[in-house]
Protein chains: 2
Amino acid sequence: MAKRTSLKDNACPIARSMESIGDCWSMLIIRDAMMGLRRFSEFQKHLGLAKNILTTRLRALVADGILTTEPASDGSAYQDYVLTPKGRAVFPIMVALRQWGEDFAFAPGEATNIMVDRKAGKRVRPLELHAADGRLLGVGDTAIKPVASAG
Amino acid sequence: MAKRTSLKDNACPIARSMESIGDCWSMLIIRDAMMGLRRFSEFQKHLGLAKNILTTRLRALVADGILTTEPASDGSAYQDYVLTPKGRAVFPIMVALRQWGEDFAFAPGEATNIMVDRKAGKRVRPLELHAADGRLLGVGDTAIKPVASAG
DNA sequence: CGGACCGGTTTTATATTGCAACCAGATATT
DNA sequence: AATATCTGGTTGCAATATAAAACCGGTCCG
């Protein structure tokens with residue numbers, strides 16, 4: 001294609017987020033990293049994607065500060081890909097995507113999986129957005145406020 | 001490229017969500033629709049993307065049940081693209097992406113915009129995930145539970 | 001020390017993207 | 001009423017991204 005248009009310099013945080021993690025494979029790599037996968041071959045087997053694609057995605061995630069490489073935990077000469085704090089902070093996005101998918105992307109009775117509270121084993125509540133004073137907020141209760149550049 | 005691998009039949013809700021809305025333009029179209037944009041030309045001007053790309057994205061979002069077309073609200077012969085309930089349910093995903101972007105994707109002092117509570121004008125709280133019994137849950141407090149196909 | 005495994009890189013074919021030009025019908029202007 | 005302009009696209013084209021497959025040097029395993 002023509003070069004994909006970059007949103008790196010867009011002023012909207014949503015656009016910037018999508019630029020970093022708005023790719024199927026990147027998101028699924030982060031998902032798998034949250035489940036404990038660390039090695040190149042683990043990601044490749046579990047996701048079933050081509051190795052060259054995995055390579056480009058891992059490099060991009062490392063460049064973005066979402067993953068870091070560190071010496072393999074099994075003592076071998078290889079390396080692990082592990083989440084940084086920025087990477088772990090993707091958790092709410094993952095939960096939101098998951099809940100929307102659970103609710104709308106499956107026919108009744110279709111095989112799938114759901115997120116549960118580890119202790120009780122019960123399904124978690126829908127994500128909630130609250131105001132600073134604690135009020136529960138819906139779609140119409142929010143606004144976007146510009147923040148000018150300092151300088 | 002070779003045909004992008006489809007995740008439509010993947011059992012993971014995250015993968016299915018990404019298949020529907022894991023595209024920059026699709027997500028930004030939904031964002032703009034939430035801000036009240038409705039017409040083809042409004043999306044095109046505001047997003048600055050090519051018309052053929054906008055066409056394919058709008059068609060896909062309609063096919064996915066995220067947008068619907070309806071007669072233009074201004075009485076003209078044209079049509080509006082409006083969010084369905086499924087489309088409005090993308091809101092938490094949008095908020096999650098936005099909060100992560102606000103937190104990690106901008107240098108200090110860079111121009112941007114933030115989400116505030118419409119009434120108080122104050123920044124909203126981070127999204128929260130709670131267990132059925134109300135406990136606040138973090139990354140390690142959740143688990144994924146398979147749901148076999150019925151039949 | 002020989003074979004398998006690991007983490008890639010290099011082709012190659014085919015899709016997708018984006019730009020620009022074009023177009024028919026609806027709307028606005030004179 | 002005739003013409004110009006806007007709307008919502010479609011059609012070509014060039015550049016780039018994706019995926020499958022083959023290949024490859026360093027590790028590890030017995």
Side-chain angles (χ1 to χ4, degrees), chain A residues 1-10 15 18-29 32-33 36-64 67-82, chain B residues 1-10 15 18-29 32-33 36-64 67-82:
Chain A
M1 47 177 149
K3 196 170 199 163
R4 263 189 49 233
T5 73
S6 169
L7 301 167
K8 271 188 182 55
D9 298 328
N10 197 299
M18 288 306 287
E19 180 76 23
S20 294
I21 55 177
D23 169 85
C24 279
W25 294 129
S26 302
M27 191 65 79
L28 296 180
I29 288 166
D32 282 1
L37 304 202
R38 335 184 107 225
R39 292 285 283 269
F40 185 97
S41 55
E42 289 180 316
F43 291 113
Q44 207 239 317
K45 267 172 221 155
H46 193 249
L47 293 171
L49 84 174
K51 295 202 273 185
N52 51 352
I53 306 295
L54 179 56
T55 300
T56 63
R57 295 305 187 278
L58 287 174
R59 297 264 155 88
L61 289 169
V62 168
D64 263 340
L67 292 177
T68 343
T69 53
E70 60 179 46
S73 58
D74 62 2
S76 71
Y78 303 112
Q79 46 178 10
D80 283 351
Y81 291 91
V82 299
Chain B
M1 49 178 154
K3 196 171 200 165
R4 263 189 49 233
T5 72
S6 169
L7 300 167
K8 271 186 180 54
D9 298 328
N10 198 298
M18 289 304 289
E19 179 76 24
S20 294
I21 55 177
D23 168 86
C24 279
W25 294 129
S26 303
M27 189 65 78
L28 296 180
I29 289 167
D32 283 1
L37 303 202
R38 335 184 106 226
R39 292 285 284 270
F40 186 95
S41 54
E42 289 180 315
F43 291 113
Q44 209 240 316
K45 268 172 220 153
H46 193 249
L47 294 172
L49 84 173
K51 297 202 275 183
N52 52 349
I53 306 295
L54 179 56
T55 300
T56 62
R57 294 306 187 279
L58 287 173
R59 297 262 156 87
L61 289 169
V62 169
D64 263 340
L67 293 176
T68 342
T69 53
E70 59 179 46
S73 58
D74 64 2
S76 71
Y78 302 112
Q79 46 178 10
D80 283 350
Y81 290 91
V82 299

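Proteins come first, then strands; the chains are lettered A, B, ... in the order of their sequence lines, and each starts at number 1.
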*Asks:* Between B:R57 and C:dT17, is there a contact of a side-chain N or O with OP1 or OP2 at under 4.0 Å?
*Replies:* yes

*Asks:* Is there a donor on the side chain of B:Y78 or the base of C:dG25 sitting less than 3.5 Å from an acceptor on the other?
*Replies:* yes

*Asks:* Which whole-number value in Å describes the distance from B:L54 CG to C:dT17 P?
*Replies:*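 Atom-to-atom, B:L54 to C:dT17, this comes out as 13 Å.
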
*Asks:* Please state how far atom NZ in A:K3 lies from atom C1' in D:dA17, giving the value in whole angstrom units.
*Replies:* 12 Å

*Asks:* Can you find a side chain N or O atom of A:T5 that sits less than 4.0 Å from OP1 or OP2 on C:dG18?
*Replies:*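 Indeed, a polar side-chain atom of A:T5 lies that close.
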
*Asks:* What's the closest nucleotide to the B:K51 side chain, out of C:dT16, C:dT17, D:dG8?
*Replies:* D:dG8

*Asks:* Would you indicate, yes or no, if D:dT10 has its OP1 or OP2 atom less than 4.0 angstrom from a side-chain nitrogen or oxygen of B:R59?
*Replies:* yes

*Asks:* With respect to the phosphate group of C:dC6, does any side-chain polar atom (N or O) of A:Y81 fall under 4.0 Å of OP1 or OP2?
*Replies:* no

*Asks:* How many whole angstroms separate atom CZ of A:F40 from atom P of C:dC5?
*Replies:*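 To the nearest whole Å, that distance equals 16 Å.
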
*Asks:* Taking atom CG of B:L28 and atom CG of A:N10, what is their separation to the nearest 0.5 Å?
*Replies:* 7.0 Å

*Asks:* By nearest atom, which of the nucleotides C:dT11, C:dA20, C:dA26 is closest to the A:N52 side chain?
*Replies:* C:dT11

*Asks:* Look at the side-chain N and O atoms of B:W25 and state whether any lies under 4.0 Å from the OP1 or OP2 oxygen of C:dT17.
*Replies:*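 It does not, given that no N or O in the side chain of B:W25 lies less than 4.0 Å from OP1 or OP2 of C:dT17.
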
*Asks:* So, does B:Q44 use its side chain to make a donor-acceptor pair with the main chain of B:L49 at under 3.5 Å?
*Replies:*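 Between the backbone of B:L49 and the side chain of B:Q44 there is a qualifying donor-acceptor contact (under 3.5 Å).
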
*Asks:* Check each of A:D64, A:D32, A:D23 against A:R57 using the salt bridge (Lys or Arg N to Asp or Glu O under 4.0 Å) test, and report the only one that passes.
*Replies:*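 When A:D64, A:D32, A:D23 are each tested with A:R57, the salt bridge (Lys or Arg N to Asp or Glu O under 4.0 Å) holds only for A:D23.
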
*Asks:* Is any side-chain N or O of A:S76 closer than 4.0 Å to OP1 or OP2 of D:dT27?
*Replies:*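 Answer no for this pair, as no side-chain N or O of A:S76 is under 4.0 Å from OP1 or OP2.
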
*Asks:* Are any of the side-chain heavy atoms of A:F40 and A:T55 separated by less than 4.5 Å?
*Replies:* yes

*Asks:* Which of the following nucleotides, C:dT17, C:dG7, C:dT27, is nearest to the side chain of A:S41?
*Replies:* C:dG7

*Asks:* Are A:R39 and C:dG7 close enough that a side-chain N or O sits under 4.0 Å from OP1 or OP2?
*Replies:*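 True: A:R39 side-chain N/O within range (under 4.0 Å) of C:dG7 OP1/OP2.
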
*Asks:* Atom CG of A:D74 and atom C1' of D:dC29: how far apart are they, to the nearest Å?
*Replies:* 13 Å

*Asks:* B:I53 CD1 to D:dA15 C1': how many Å, rounded?
*Replies:*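 To the nearest whole Å, that distance equals 13 Å.
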
*Asks:* Using atom CZ of B:R4 as one end and atom C1' of D:dT18 as the other, report the distance to the nearest whole Å.
*Replies:*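 Distance, rounded to whole Å: 10 Å.
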
*Asks:* Could you check how far NZ of B:K45 sits from C1' of D:dG9, rounded to whole Å?
*Replies:*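 Taking atom C1' of D:dG9 as the reference, NZ of B:K45 is at 14 Å.
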
*Asks:* What is the distance from CG of B:L47 to P of C:dT17, rounded to the nearest Å?
*Replies:*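 Going from B:L47 (CG) to C:dT17 (P), I get 15 Å.
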
*Asks:* Go through D:dG9, C:dC6, D:dA19 for me and flag the one nearest to the B:Q79 side chain.
*Replies:* D:dG9

*Asks:* Can any side-chain N or O of A:E19 pair as donor or acceptor with the backbone N or O of A:L7 at less than 3.5 Å?
*Replies:*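 Answer holds: yes.
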
*Asks:* How many angstroms lie between atom CD1 of A:I29 and atom CG of A:L61, to the nearest 0.5 angstrom?
*Replies:* 5.5 Å

*Asks:* Assign A:F43 to base, sugar-phosphate, or nothing according to its heavy-atom contacts below 4.0 angstrom with the strands shown.
*Replies:*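 No contact.
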
